[in-house]
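Written out below as structure tokens is the structure these notes cover.
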Amino acid sequence: MFEEVGTTTEGDLIINMGPQHPATHGVLHLVVTLNGETIKNVEPHLGYIHRSIEKMCESLTYRQFIYVTSRMDYLSAHINNHACAMCVEKGLQLEVPPRAQVIRVLMDELTRLASHELWWGAMAMDLGAFTPFFHAFREREVINDIMEETCGARLTMNYMVPGGVMHDLHPNFQQRVKDFLQLYKRKIHEYDELVTGNIIFQNRMKGVGIISPEDVISYGCTGPVARGSGVSSDVRKLYPYEIYDKLEFDEVLEDGCDSFARYMVRIREMQQSVRIIEQLIDNIPDGEFQAKTKAVLKLPKGEFYSKAETARGELGVYIVSEGGTTPYRIKFRSPGFSNLSALNHLVKGGKIGDLIAAMGTLDLVIPDIDR
Amino acid sequence: MWSLSNIAANIDQWLNANMSPTWALIVEMVIAGVAVIGLFAALGLVLVIMERKVSAWIQIRLGPNRVGPKGMLQSLADTLKLLVKEGMTPGGADKLLFNVAPFVAMIVAMLLLAPIAFAKDFQLWDLNIGVLYISAVSSISVISILMAGWASNNKYSLLGAMRSGAQIVSYELSAGLAVLAIVVLTGSLRISDIIQAQENGWWLFKGHIPVIIAFIIFIIAVTAETNRAPFDLAEAESELTAGFHTEYSGMKFALFFLAEYVNVFIVCAIGATLFLGGWMPFHIGNWHAFNGVMDWIPSSVWFFGKTFFLIFVIMWFRWTFPRLRIDQLLNLEWKYLLPISMFNLLLVTLIAIMGWHF
Amino acid sequence: MTASQIIFYLISAFILSMGVLSVTSRKIFRSAIWLLFSLIGIAALYFWMDVQFIAAVQIVVYVGGIVVLIIFSIFLTQQSGKEMPKAPLLRTIAGALAVLFGFAFTFLLIDQYGFPAIDQPFDNDVARIGNAMLNTEQGGYALPFEVVSILLLAAMVGCIVIALKTKPEEK
Amino acid sequence: MEDEAMFLKQYIQDIWGAIKSLATGMKRTGYYFTHHKEIITQQYPDNRDTLVLPERFKGEVVMIHDENNEHACTGCTACELACPNATIKIITKFDVDAETGKKKKAIDTFVYHLELCTMCNLCVEACPTDAIKMAQTFEHSVFDRSQLTKKLNKPGSKIRAGIE
């Protein structure tokens, strides 16, 4: 990722983009070396929002640490919590009741939808179109309302607990999700009208930010970034967890390798999420929403790893237990960090506008990168 | 009776009856200056609130609705806020040029108001090269942006200024060629002649498809020339934070802001004058009854109606489209707009020579 | 002195002072801006003379074109923000002498010419200028006009050829 | 010649496609410009009266008191242990039972630091007697941080009879 020091020559313009910049979506600091408008090198500087989450988790019990992970990739809070809960369950060898599994998958997919909605709006805003942002929030707000009703919060829900979920579904849940799907299907064509089909947008996206499948693998990119280059990386398909192996959905693959391919992957993933929700919403099995667990959880001595597909890619949770009530060491493999590392590769030789577009398609959430 | 031209004539008569001609002229100049400044301020206020309402409704929001009736005084409150804000000058800036730049932008915008015909027989200065004057003076506005960008001692500003320079210089060409199409049809550069030539129908309808193409090119080019989205690369907040006015604050920023809106008004007024007949009511050939009815609507209403319609179209662009990239922007001009408008000008010339227009 | 004369002297003073500032300023960007104001002053002088077409062309060509190009080339140089070194004494003296000589030379020339008034009314109609430009008969300017345009075309092609040359150091 | 014709055809097709795509977008925004029914703005401080928050909304931890000013908190500190951020501090005392004369542990003060709370609901889950719950308040702004440190048991309240 880092070029050798001293590659800048006289006449290059070095710009510190961020940590306060409208396009970096938070406190990312990019040192951009420019030759006129052409980008010679981009060097991301991290650490402005480092909160030492991994270290914090070591002093929290297995029930407590899950809530902290909502603050990593706050747009996929559910999925982060889910991955952690799964890892703890693996350690406890706990069977999650079928109802809880279905609820978890439903929540994951709703989160993915909400996250992609926000990405869509923010991406269009990066390219200079303001209106899609508000249109995206119209639909996202409905999901947030559904979340609020069932989980009690809109962004950092802390709904997943080891053994299942914290509450049962709200009685209105099914009806409201169906209403949302109706609304979503009514509005989905507007996305294409406003942004996807727009000639300016297509010209901004097509053929820029190219990354080959080999480079995707060597940079460790996952999620839509990898799938935009045709690299199959969907954890839900490759290493199915919960009930994903029983569901009918496609892994979205595009072989454009450019910004537009990554854009289309996310757009089509939203439709796949809708498909999953439609399959499940009428088939939620009865039963317990939470397995019986002891009041104090103790993981046996050993190492446990679980992973889940967040809206940004593969999130890995690695717990080393010494047998106590708190983990000895926790490591998160966050998707944003690996995806960001490909940024320089994506934009080198492009224009400043390409940098913004490529950064938009990486869908960076800075707290996820810094942790 | 109460038309703008009558009022102007009455004032002129009264002044000439009570004063020596020199003093009358000076007083008239002062009145005109005050009127221009007043119009400048009023336009700024009206256009800002209009922009905010248009953007809000397009974005399924309500928009400003707290200050004054239906939020109509919002921009006045904003202006007051900007007036009392501290105007900062950054440390490494070239202080003189930094402070002069917004005034250059404003003065250029004011100069451009001179030859515009706001109503029948109501025009500050009907000079015989009106259209050329406007395209000439508007080319100075790029200087204010270059000055601001360079003097700020900020890399974002400098990049914004460079972009804006390349953009304005190139789009002036196709805007000029689109204007030339109408000049060729009319055979005069004088604004009043151009309006008079549209008495039996606006050029947009009289001139067949070539004039419609010229109109579309004109609208695109002036959108680019006034640095409005989707061509707002000089500001490009997601790329260059705020481009050439990154370092400006308070009233100096407000002057840039005002000048941008007045420039939008002026180019739309020119567009309305050239293609939609300026203050000329909607006339169809020799349907005298219909034309008579149309004449009942005051000419100033016609002018402002057309101008504000065009302004609305430009705002509509802004809130719909993403921004272009700098090389695409120049591609659009040099590979599409310029060749098309050159070819189009040939066609228009042919139409003018053969007298094929209605 | 009539109002018209006062305006003339004001404009002339503006042009001259801006010109002096332009050559004495030690910041190159400011020099360009002073030059720009000086050129705008000349356009104002043309407006004062009631030759609006020339005035507008002056603005289009010099202000909108040439000075913008100058400013662009200043942007591309490295030292655009720095103060230029003070000229050595010898050069200052030589410059002053050159200015003096030039001034004396022009003054002599102007002084010897009588500037006779012409009774013919002054016609600045744009149509006439246009006709004269493309007139092939006696007093027409068709040939010089075309020659100048070919010259400009050649310059433009030359610029493009120079700009097209890719530097060998790039990959 | 054929190539040039093809190029020209492509050129015109490009322009036509571009104009069509732009017009589609403008049609969509134009629709919303004229259809004010679609506006989704909520005017927040004005709609306070009609604002309904779902009953599970996690706004603040409160202690449930009944009409006799009695609560269900035994002072077992399960919530204090469950809390990841040390938001809760329970100060206990020994009450002397009036009837039996036995000493009994009870809460003196239930200190709740709202400024530290992340509304994770773990304390409510941990409580064996359902003494605390989440309230639907959300306007927590105050001028001084010390006002965010709250005492949850009301003055003079005591534990409900029969709760161990």
Side-chain angles (χ1 to χ4, degrees), chain A residues 12-18 20-25 30 32-34 36-39 121-139 141 187 190 193-208 259 350-357 359-360, chain B residues 51-52 54-63 149-150 153-167 220 223-224 227-243 246 315-332 335-336:
Chain A
D12 286 350
L13 194 62
I14 297 174
I15 282 193
N16 286 302
M17 206 177 249
Q20 277 93 37
H21 189 277
T24 53
H25 298 293
L30 300 174
V32 186
T33 310
L34 293 172
E37 279 261 349
T38 313
I39 291 167
M123 155 111 239
M125 197 139 118
D126 281 347
L127 295 182
F130 288 85
T131 306
F133 194 71
F134 293 89
H135 288 210
F137 264 59
R138 172 186 53 198
E139 275 89 66
E141 202 66 7
K187 299 288 184 193
E190 292 182 7
E193 286 173 7
L194 260 179
V195 173
T196 316
N198 190 300
I199 182 82
I200 302 174
F201 177 78
Q202 292 202 347
N203 280 335
R204 284 290 301 272
M205 303 294 275
K206 276 183 182 162
V208 303
S259 292
K351 301 274 183 290
I352 299 178
D354 295 340
L355 168 66
I356 306 299
M359 219 152 59
Chain B
E51 172 109 279
R52 294 188 62 175
V54 167
S55 75
W57 287 339
I58 281 178
Q59 293 169 349
I60 46 177
R61 297 184 287 124
L62 281 174
W150 187 81
N153 191 26
N154 178 319
K155 287 167 184 169
Y156 288 127
S157 305
L158 188 65
L159 276 173
M162 295 275 276
R163 284 178 171 193
S164 147
Q167 177 181 336
I220 294 174
T223 313
N227 282 328
R228 298 273 305 177
F231 308 103
D232 59 342
L233 282 112
E235 288 153 44
E237 74 297 309
S238 64
E239 293 161 29
L240 304 177
T241 55
T246 307
M315 286 179 179
W316 195 0
F317 285 160
R318 171 163 182 184
W319 299 109
T320 308
F321 301 138
R323 185 182 304 117
L324 278 82
R325 205 171 58 209
I326 181 74
D327 54 327
Q328 290 165 355
L329 180 94
L330 298 178
N331 269 355
L332 175 69
K335 289 192 184 163
Y336 291 91

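Values below: all heavy atoms of this structure, side chains included; hydrogens, waters and symmetry mates excluded. In this text the structure is predicted, and so the values were computed from the model without any measurement.
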Heavy atoms only: give me the nearest [X]-[Y] pair and the separation to one decimal.
{"X": "A/Phe134", "Y": "B/Ile60", "result": "O-CD1, 4.3 Å"}
{"X": "A/Lys351", "Y": "B/Arg325", "result": "CB-CD, 4.0 Å"}
{"X": "B/Gln328", "Y": "A/Asn203", "result": "NE2-O, 2.8 Å"}

Fill in: Single hit among A/Thr131, A/Asn198, A/Leu194 for side-chain contact (heavy atoms from CB on, under 4.5 Å) with B/Pro322
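When side-chain contact (heavy atoms from CB on, under 4.5 Å) is applied between B/Pro322 and each of A/Thr131, A/Asn198, A/Leu194, only A/Asn198 qualifies.
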Worksheet item: Under a 4.5 Å heavy-atom cutoff, which of A/Val208, A/Ile199, A/Leu355, A/Asp126 has the most pairs with chain B?
Response: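 Heavy-atom pair counts peak at A/Asp126.
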Practice prompt. Name the region of A/Met17, side chain, backbone, both or neither, that has any atom closer than 4.5 Å to a heavy atom of chain B.
Written response: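 Contact with chain B involves both backbone and side-chain atoms of A/Met17.
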Worksheet item: Which atoms of A/Val195 come close to chain B, meaning under 4.5 Å heavy atom to heavy atom: side chain ones, backbone ones, both, or neither?
Response: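 For A/Val195, no heavy atom lies under 4.5 Å from chain B.
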Worksheet item: Does B/Trp316 have any ring pair (Phe, Tyr, Trp, His ring centres under 6.0 Å) partners at least two apart in sequence or in another chain, and if so, which?
Response: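 Listed in chain order: B/Phe312.
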Nearest-0.5 Å distance that lies between atom [atom1] in [X] and atom [atom2] in [Y]:
{"X": "B/Leu159", "Y": "A/Leu34", "atom1": "CG", "atom2": "CG", "answer": "6.5 Å"}
{"X": "B/Gln59", "Y": "A/Phe133", "atom1": "CD", "atom2": "CZ", "answer": "10.0 Å"}
{"X": "A/Asp354", "Y": "B/Asp327", "atom1": "CG", "atom2": "CG", "answer": "7.0 Å"}
{"X": "A/Ile352", "Y": "B/Ile326", "atom1": "CD1", "atom2": "CD1", "answer": "9.5 Å"}

Worksheet item: Under 6.0 Å from the NZ atom of A/Lys187, do we count more than 12 heavy atoms belonging to anything else shown?
Response: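 Atom NZ in A/Lys187 is crowded, with more than 12 foreign heavy atoms closer than 6.0 Å.
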